[in-house]
Amino acid sequence: MKSKVTGGLTKHIFNAKILGKYDVSYYQCVDTGFIQTEEAYWLDEAYSSAITKLDLGLAQRNEMLRDRVIKVLNSHFDKNAVCLDYAGGYGLFTRMMRDRGYNFYHTDLYCQNLFAEHFELNELTVDTKFELVTAFEVFEHMPDPITEIQAITKYGENILFTTELQPKQGLTSVRDWWYFIPETGQHISFHTEKSLKYIARSLGYNFYTDGQSNHLFTKKELISNPFSVKRDPFFIRKMKKIINKFDRKAIPEKESLLAKDFELVKSKLS
């Protein structure tokens, strides 16, 4: 099977049960480490519900990404320009960004827009170019990554997206990494930093990443990595520690139930 990133050689690495019943082969690109499944014939069944039962982190993720995108927009792009959330699910992120004053619109072919009705892509002229296009948890769903990423770039020259990069250790089983999620059957493309660099270069984009899950394709050459975290001066850090110490005493921080809930629902699907 040819690599869907480079068109070059792949090697078979393991098989796994998709949706609890399909025996599916996984292949790894020899050049970039990108992992893909065999041709995904089960996708119609996998997308009987666009948002899976295991996407329990949707609300938390949108809250975190709102703050991150605001920082990137304010620092590197025109914060007053029109932006697009591609494959934006229920429209929650678009609504949250608009609530903070950012002119975001929504599009998703497979999911009903519940939170940002009347702020859809089709409300705008067909030639609208967006200052920033966001695509959160989309790249791992792509049967044909190059073609589908090219389709996103038609909306604008700056694509901010999330997808988990493979862990550094070798993957020899679907059990080695939580992000495979064979129970839902929707994750079929798994990137490395090298595979994303290859795609960016082949499409004529600069590539920036935090080395984990946040990435940017852009035609601009930025003076700094938009995901780098500036360290506060020592005095500010000391004051924050003191404030946080007293805050925790006043209202003890409870452990998130997200990870436990994910494992619980996963066990039920299995």
Note to self: Suppose the criterion is salt bridge (Lys or Arg N to Asp or Glu O under 4.0 Å): which pairs have a residue in residues 58-68, not counting sequence neighbours?
What the structure shows: D55-R61, D67-R100
Checklist line | Pairing residues for Y41 by the ring-ring contact (aromatic ring centres under 6.0 Å, His included) criterion, not counting sequence neighbours | finding: Y22
Note to self: Tell me every residue that passes salt bridge (Lys or Arg N to Asp or Glu O under 4.0 Å) with E39, counting only those two or more places apart in sequence or in another chain.
What the structure shows: K4
Next item on the list: Could you grab the distance from atom CD1 of I159 to atom CG of L216, nearest 0.5 Å is fine?
Entry: 8.5 Å
Notebook entry, point to check: For residues T218 and N158, is any side-chain donor paired with an opposing acceptor at under 3.5 Å?
Noted result: yes
Item checked: Sequence-distant partners of F217, ring-ring contact (aromatic ring centres under 6.0 Å, His included), two or more places apart -> F161, F207
Margin query: Taking ring-ring contact (aromatic ring centres under 6.0 Å, His included) as the definition, give me every residue that meets it alongside H187, ordered by chain and number, with sequence neighbours left out.
Written below: H141, Y179
Note to self: Which Ile, Leu, Val, Met, Phe, Trp or Tyr residues join V126 in one cluster when any pair of side-chain heavy atoms under 4.5 Å counts as a link?
What the structure shows: none
Item checked: Pairs meeting criterion side chain to side chain donor-acceptor pair (under 3.5 Å) with involvement of residues 108-119, two or more places apart -> N113-E120
Check: Hey, does the Lys NZ or Arg CZ of K129 hover above the aromatic six-ring of Y155, less than 6.0 Å from the centre and inside 45° of the axis?
Finding: no
Margin query: Going by ring-ring contact (aromatic ring centres under 6.0 Å, His included), name the residues that satisfy it together with Y26, two or more places apart in sequence or in a different chain.
Written below: F14, F180
Checklist line | Side chain to side chain, I35 and I13, heavy atoms closer than 4.5 Å | finding: yes
Next item on the list: Could you tell me which residues satisfy side chain to side chain contact (heavy atoms under 4.5 Å, CB included) with D23, sequence neighbours excluded, listed by chain and number?
Entry: N15, K17
Notebook entry, point to check: Ring centres of F227 and Y208 under 6.0 Å apart?
Noted result: no
Check: In chain order, what residues pass the salt bridge (Lys or Arg N to Asp or Glu O under 4.0 Å) check against K21, with sequence neighbours excluded?
Finding: E45
Check: In Å and rounded to the nearest 0.5 Å, what is the NZ to CG distance from K79 to N103?
Finding: 14.0 Å
Checklist line | Test item: side-chain donor near acceptor, Y105 and N122, under 3.5 Å | finding: no
Tabulate below the donor-acceptor pairs under 3.5 Å that side-chain atoms of residues 195-204 make, not counting sequence neighbours, or state none.
residue: S195; atom: OG; partner: H191; partner atom: ND1; Å: 2.9
residue: S195; atom: OG; partner: T192; partner atom: N; Å: 3.0
residue: S195; atom: OG; partner: T192; partner atom: O; Å: 2.9
residue: S202; atom: OG; partner: Y198; partner atom: O; Å: 3.2
residue: S202; atom: OG; partner: I199; partner atom: O; Å: 2.8

Checklist line | Test item: Q186 side-chain N/O and I181 main-chain N/O as donor-acceptor pair under 3.5 Å | finding: no
Next item on the list: Can you tell me which residue pairs pass the salt bridge (Lys or Arg N to Asp or Glu O under 4.0 Å) test with a partner in residues 133-157, sequence neighbours excluded?
Entry: none
